[in-house]
K.L.:
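Below are the structure tokens for one structure; questions will follow.
In this chain, numbering begins with 1 at the start of the sequence shown. When a ligand or atom number is given, it counts from 1 through the structure's own listing order.
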Amino acid sequence: MTETVRKLIEKLARTHSLTEEEYAALIDGRDDEAAALLAQYAVAAREPYYGKKVFARGLIEISNICKNNCFYCGIRRGNKNVERYRLEPEVIAACADEGYALGFRTIVLQGGEDAFYTDEVLGGIVRDIKAAHPDVAVTLSMGERSFESYKALKEAGADRYLLRHETADPVHYARLHPSELSLDTRMRCLRDLKALGYQVGIGCMVGSPFQTTAHLAKDLKFTEDFQPEMCGIGPFIPHHDTPFKYEPAGTLKLTLYLLSVIRLIVPDVLLPATTALGTIHPLGREMGMKAGANVIMPNLSPLAVRKQYMLYDNKICTGDESAQCRACLDNRMAAIGYEVVVDRGDAARAAR
Ligand code: 5AD
Ligand code: FES
């Protein structure tokens with residue numbers, strides 16, 4: 001590790017802020033020693049807020065029908081080899097009940113941009129879950145919608161919203177998405193969600209096609225400026241039925257490095273060790289915790305549809321029952337000295 005990198009890490013740990021140029025130098029100057037120092041600071045920064053607690057969010061993948069055609073995504077509209085499904089409201093309610101019985105106090109509803117889920121339908125699902133389980137936080141991850149729609153869903157009881165920004169650079173955004181999608185719209189959505197009082201999650205893939213250090217530096221500066229409650233980052237993994245099928249996957253090392261950096265930028269952020277991280281390495285999620293993450297998102301979707309929600313190849317946990325995933329993660333976290341907790345785990349900032 002160079003002296004310059006050490007100084008950058010110390011400055012970041014102290015001030016939670018670097019310039020875009022400094023973020024770039026921190027990324028380009030990385031080596032194993034720098035990663036270890038960053039992780040050490042990241043774990044220390046997490047300590048007063050969360051200690052070794054890991055928050056579990058039960059994820060229900062409610063639909064793989066999507067009107068969008070993002071170049072990286074396995075359930076893009078243009079992929080004709082996907083068997084499409086959507087879960088009926090009663091099935092979603094049953095999955096949420098099962099999740100509650102398994103101890104989850106956050107339920108995440110994620111899906112493609114499927115017109116079936118109007119504000120009335122999706123709002124009704126949220127209302128039903130909140131009525132059945134008033135102590136559950138409902139998180140939505142349902143893509144871009146209007147301000148009015150986000151407002152209606154908030155009024156229905158939704159607490160949090162995940163909408164990765166994917167990349168903070170407009171030119172890079174245009175290389176990952178067809179022309180009908182834009183970074184401007186994505187940012188409008190994120191601002192709307194924040195203004196409406198949601199706890200908001202942003203994020204991006206690590207090693208997505210055409211991504212440069214300068215792009216990642218912009219992502220980090222955006223994270224600093226936006227101050228999200230949650231931030232989802234995981235490696236890009238190619239899907240065989242997408243335009244990016246021959247692109248290389250993002251690396252474990254860079255993902256872990258960035259997890260530590262993000263923990264230092266927003267010390268109380270809720271930071272998942274993602275399923276994609278667990279997919280590129282069998283112990284990826286464990287390593288994610290040691291780098292500063294504090295959230296896991298086991299799958300609660302019905303077994304029958306899991307293999308149809310393939311955003312990327314070789315996704316883990318598609319053959320396991322919900323209870324198996326819960327038990328598996330308890331064991332995995334216990335094995336490294338972390339404890340899965342069942343409470344809502346609101347962002348420390350949201351609780352203040
Ligand atoms: N590899 C890794 N992550 C992906 N996502 C979509 N496709 C892929 C892929 N091929 C991520 C996107 C999206 C989230 C739901 O999944 O960042 O926001
Ligand atoms: Fe699903 Fe381990 S988390 S089987």
K.L.:
Roughly how far apart are L38 CG and I262 CD1, rounded to 0.5 Å?
P.N.:
11.5 Å
K.L.:
What short N/O contacts, under 3.5 Å, does ligand 1 make with the protein, listed by atom pair and distance?
P.N.:
| unit_1 | atom_1 | unit_2 | atom_2 | d |
| --- | --- | --- | --- | --- |
| ligand 1 | 1 (N) | I237 | N | 3.0 |
| ligand 1 | 1 (N) | I237 | O | 3.3 |
| ligand 1 | 10 (N) | Y72 | O | 3.0 |
| ligand 1 | 10 (N) | I237 | O | 2.7 |
| ligand 1 | 10 (N) | L311 | O | 3.4 |
| ligand 1 | 17 (O) | R164 | NH1 | 2.9 |
| ligand 1 | 17 (O) | E166 | OE1 | 2.8 |
| ligand 1 | 17 (O) | E166 | OE2 | 3.4 |
| ligand 1 | 18 (O) | E166 | OE2 | 2.5 |

K.L.:
If a pair satisfies ring-ring contact (aromatic ring centres under 6.0 Å, His included) and one of its residues is in residues 82-131, list it, with sequence neighbours excluded.
P.N.:
Y100-H133
K.L.:
Could you tell me how the ring of H215 sits relative to the ring of H172: parallel (under 30°), tilted (30 to 60°) or perpendicular (over 60°)?
P.N.:
parallel
K.L.:
Sequence neighbours left out, what passes side chain to side chain donor-acceptor pair (under 3.5 Å) with S63? Give chain and number order.
P.N.:
D114
K.L.:
Should the pair R175 and F210 be classed as cation-pi, given the thresholds of under 6.0 Å to the six-membered ring centre and 45° from the axis?
P.N.:
yes
K.L.:
Restricting to ring pair (Phe, Tyr, Trp, His ring centres under 6.0 Å), what partner residues turn up for F222, sequence neighbours left out?
P.N.:
H165, F226
